[in-house]
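These notes are about the structure you will find just below.
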There are 2 protein chains.
Amino acid sequence: MSIIAERRIREKEAMRTNILTTAWQIVKEEGWQSLSIRKIADAIQYSVPVIYDYFDNKEAILLEFGKQGFELVIKKLKSAKASSTDPAEQLKAIADAYWAFAFRNKEYYQLMWGMGAPTCEMDKCMPERSVFRDLVMGPMIEIIEKAKHGDAETNACLKYHTFWSILHGLISIKMVAPADDTEQLNKLVLDDAITGFIKNLKS
Amino acid sequence: MSIIAERRIREKEAMRTNILTTAWQIVKEEGWQSLSIRKIADAIQYSVPVIYDYFDNKEAILLEFGKQGFELVIKKLKSAKASSTDPAEQLKAIADAYWAFAFRNKEYYQLMWGMGAPTCEMDKCMPERSVFRDLVMGPMIEIIEKAKHGDAETNACLKYHTFWSILHGLISIKMVAPADDTEQLNKLVLDDAITGFIKNLKS
DNA sequence: TTACTTTTGCTAACACTGTTAGGTAAAGGA
DNA sequence: TCCTTTACCTAACAGTGTTAGCAAAAGTAA
């Protein structure tokens, strides 16, 4: 591999990230709805078709961000889980981390859950369901077994869906119909819902 | 009011509903994404600008459907509530009705929650929050008071959000990432989540 | 019936989308 | 120097929502 070929793929990489960071800036300023190929092209001061030398189409750009979003949230959830060894505390920490991710990274969350950029099949870039599953199923099974309800496995499978529903539902309701409630109240609702959920697991 | 003027507003009304029913048909067949003014115009065999004589813009059409959706779901919820006098059973019935509405009327649900037609500010046609609130807050307060936790009012306020979060979250997760699970399992998850929630209210 | 006004509907355009065909000029390799 | 590949652009196509302006029809009044 010649030195000049190296420079070339480095330049190509640079252009790719240039497109992505520029697109991200547009999204942060104006939202997913108003992200267009032409706007990116204008911003990076190249003509439109250049974008297509680096991405197959617009969806490919969105999927790239989707991947980033999922990687980030999973990193956050894993580190939250690592903050404790008590299964109940782990669940609570995971919920808090997910909540924080959603509101500190509205753009990612909206993209990942189709609330802002629907022209995109996000499932194409979703990680294996097992990644999420493994994160919360373990603590749940522990809790359920400790409480000695038989059939902890299938029981946890049900609770798994409930857990994410509470989180996702609460967040998306807040995002779609922005709260006239205070930030504090929202956090209270989350705490109440999740601690209630965990209490339910134990009993 | 002359007889001819009457016919005119009747014709105008007929055209309006013609536009709406045609649009609805397109949505059912091809989804919100591919509903366009031109497609409606083609289908009703009129030119494009005619649509604008009956609706300010595309959003106005979507809001019309949004209103219909909210009216329908509220009707369903009210009738579900009326099916019992026991507050716990009322909550369960409301949850079931909401669940059924979402999957029997995917198009409405997607529109109302911005999961399919995001170019539309649905909150413009959302009913007063109090309509939903009144439906479930009453039964909740009853349950909480019966269990003698002090401060039933604020307690129910928290639970109110949890209730809708479970429902909305569960449904939207199923819709965004369609289940490889069976229909039966989904219903089981809903039942478990809601009965768990109600049990939590009582304890 | 005639003259005027209102309503109805159309064609054609504007300003945007995503996407691509085809050509030009520069860069790299022989 | 010649040739090939890459980089980049202009211009277009097929869509989107929306509107200006005109022609014909329908209704009203004399």
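Side chains included, hydrogens not; waters and symmetry mates left out as well; all remaining heavy atoms used. Since the structure is predicted, the reported quantities are computational estimates derived from the model, not experimental observations. Lettering follows sequence order; numbering is per chain, from 1.
B/Y46 comes within 4.0 angstrom of the backbone, heavy atoms only, and of no base. Using a 4.0 Å heavy-atom distance criterion, A/I61 is classed as making no nucleic acid contact. A/F55 comes within 4.0 angstrom of nothing in the nucleic acid, heavy atoms only.
No N or O donor and acceptor, one from the side chain of A/R8 and one from the base of C/dG28, sit under 3.5 Å apart. Put simply, the side chain of A/R38 and the base of C/dG18 share a donor and an acceptor less than 3.5 Å apart.
A/Q33 places its CD atom 12 Å from the P atom of C/dG18, with the value rounded to the nearest Å. Rounded to an integer number of Å, the gap from NZ of A/K39 to P of C/dT17 is 6 Å. Spacing between atom CG of A/N57 and atom C1' of C/dT17 amounts to 14 Å, rounded to whole angstrom units. Protein atom CG of B/D53 is 11 Å distant from nucleotide atom C1' of D/dT19, rounded to whole Å. The CZ-P distance, from A/R10 to D/dT6, rounds to 18 Å in whole Å. What separates CD1 of B/I9 from C1' of C/dT8 is a distance of 17 Å, to the nearest Å. Per the geometry, CD belonging to A/E13 stands 13 Å off P belonging to D/dA7, to the nearest Å. For the pair B/R7 CZ and C/dT7 C1', the computed distance is 11 Å after rounding to whole Å.
Contact between the side-chain N/O atoms of B/K12 and the OP1/OP2 oxygens of C/dT8 is found at a separation under 4.0 Å. Checking the phosphate oxygens (OP1, OP2) of C/dA21, no side-chain nitrogen or oxygen of A/Y52 falls inside 4.0 Å. OP1 and OP2 of C/dG9 both lie 4.0 Å or more from every side-chain N or O belonging to B/S47.
In this structure, the nucleotide among C/dG9, D/dC8, D/dT19 sitting nearest to the side chain of B/P49 is D/dT19. Among the nucleotides C/dT20, C/dT17, C/dG18, the one closest to the side chain of A/K58 is C/dG18.
In this structure, the separation between CG on A/L188 and CG on B/L158 is 5.5 Å, given to the nearest 0.5 Å. Here the CD1 atom belonging to A/I171 is positioned 11.5 Å from the CD1 atom belonging to A/I166, to the nearest 0.5 angstrom.
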One pair to check against side chain to side chain contact (heavy atoms under 4.5 Å, CB included): A/I74 and A/F132. What are the steps and the verdict? CA-CA 8 Å; A/I74 285 172; A/F132 284 102; 4.3 Å; yes
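A salt bridge is defined here as a Lys NZ or Arg NE, NH1 or NH2 lying under 4.0 Å from an Asp or Glu carboxylate O, and B/E71 with B/K67 fails to meet this definition.
Using the six-membered ring where Trp is involved, A/H168 and A/Y109 have ring planes that are tilted, between 30° and 60° apart.
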